[in-house]
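Just so you know, ligand 1 is whichever comes first in the structure, and atom 1 is the first atom listed for that ligand. Just the heavy atoms: all of them, side chains too, but no hydrogens, waters or symmetry mates, feed the values below.
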Amino acid sequence: MARPKIALIGAGQIGGTLAHLAALKELGDVVLFDIAEGTPEGKALDIAESGPSAKFDATMSGTQSYTDIAGADVCIVTAGVARKPGMSRDDLLGINLKVMKSVGEGIAAHAPDAFVICITNPLDAMVWALREFSGLPHEKVCGMAGVLDSARFRHFLASEFNVSMKDVTAFVLGGHGDTMVPLVRYSTVAGIPLPDLVKMGWTTQDKLDAIVQRTRDGGAEIVGLLKTGSAFYAPATSAIEMAESYLKDQKRVLPCAAFVDGAYGLNGFYVGVPTVIGAGGIERVVEISMNKDEQAMFDSSVDAVKGLVKACKEIDASLA
Ligand code: A3D
């Protein structure tokens, strides 16, 4: 059986890291696409030349032509502009909306059967726009944010408790932005919910609140440190986890920006929710019960995303 084909639309910081990780994990043959001439070709060649030492079997190629993504099984989209210090994700809206139009049309024409993972910001609006422009089935188009936000939350919690990250699970819902909702009640260490760990004296409520806030600001913290771009190692690793679940039909339960129609009181809307990812794409949206405070946070996050989608429609009348 032929190896799966993975098309990476955008060969910048995240795109290059995605290609490297896909190769190391032998997920399939990789095509890097970018409008910047030489960048995808150079990264593809560099990674291919690491193959003999890393001992992976996967081909790498770079291109400026959408015809080369033909028949891709997975497309991961990072094309666009990343945040600079002082820029919000929403500042990127107008620029990246145009990029989603060309990418969506390219995928529709050459890889209509692919599972598509969008990473370009502002995430929840861009995944919606990419789905609209590509016309692919909703369950085959999703956005990566929740896995990353949860990973950041898990990392901070594991450091606070001085335990293995493997034993920390965390739940982050809502849009990928300042209004994201890290759900403390559903986050655990080896199955023990965080509120119980506060009662057990492992941490204090104040420290937990600070970790929740640091999670919300996780992207900005890296932007502030790097000064010339945004995070790329953890975002790429998160998207690879999602792609692997699809390609190997793992049916992992992963939070991502998915099309929610019916659950959470939403009628046809992209937002961060727990999902099951398998060979069918987004096979299930997991609806959890929320208390009043959690629901209020989720609602305001949904409202923020609705505002972005409205702005997209205003910028591009064809979306309205
Ligand atoms: P960067 O290194 O700038 O790479 C973007 C690439 O896109 C560049 O190589 C560009 O040449 C290319 N590009 C621009 N326009 C097009 C086009 N029309 N077609 C094809 N390629 C194009 O950025 P990055 O890799 O660091 O980040 C990529 C995106 O991910 C940005 O929008 C970030 O804001 C976003 N991001 C999202 C998260 C989430 O958690 C959702 C995290 C980190 C970054």
Under 4.0 Å from any heavy atom of S230, which atoms of ligand 1 are there? 44 (C)
Is ligand 1 under 4.0 Å from a heavy atom in the side chain of [X], in the backbone, in both, or in neither?
X    : answer
H176 : side chain
N96  : side chain
T120 : both

Which one of [options] has a non-hydrogen atom at the shortest distance from [atom]?
atom                    : options             : result
atom 22 (C) of ligand 1 : G218, A79, S238     : A79
atom 7 (O) of ligand 1  : G80, G12, P235      : G80
atom 11 (O) of ligand 1 : L8, V127, N121, D34 : D34

Do NZ/NE/NH1/NH2 and the carboxylate oxygens of R3 and D29 come within less than 4.0 Å? yes
N-O pairing of D249 and K251 below 4.0 Å: yes
Test item, G229 contacting ligand 1 (heavy atom, 4.0 angstrom): no
Please state whether I119 comes within less than 4.0 angstrom of ligand 1, counting heavy atoms only. yes
If you measure every N/O of [X] against every N/O of ligand 1, is any gap under 3.5 Å?
X    : result
F232 : no
Q13  : yes
V99  : no

Atom of K43, atom of A11 and distance for their closest heavy-atom approach: NZ-O, 3.1 Å
Distance col, row L173:CG vs Q295:CD, nearest 0.5 angstrom, shows 10.0 Å
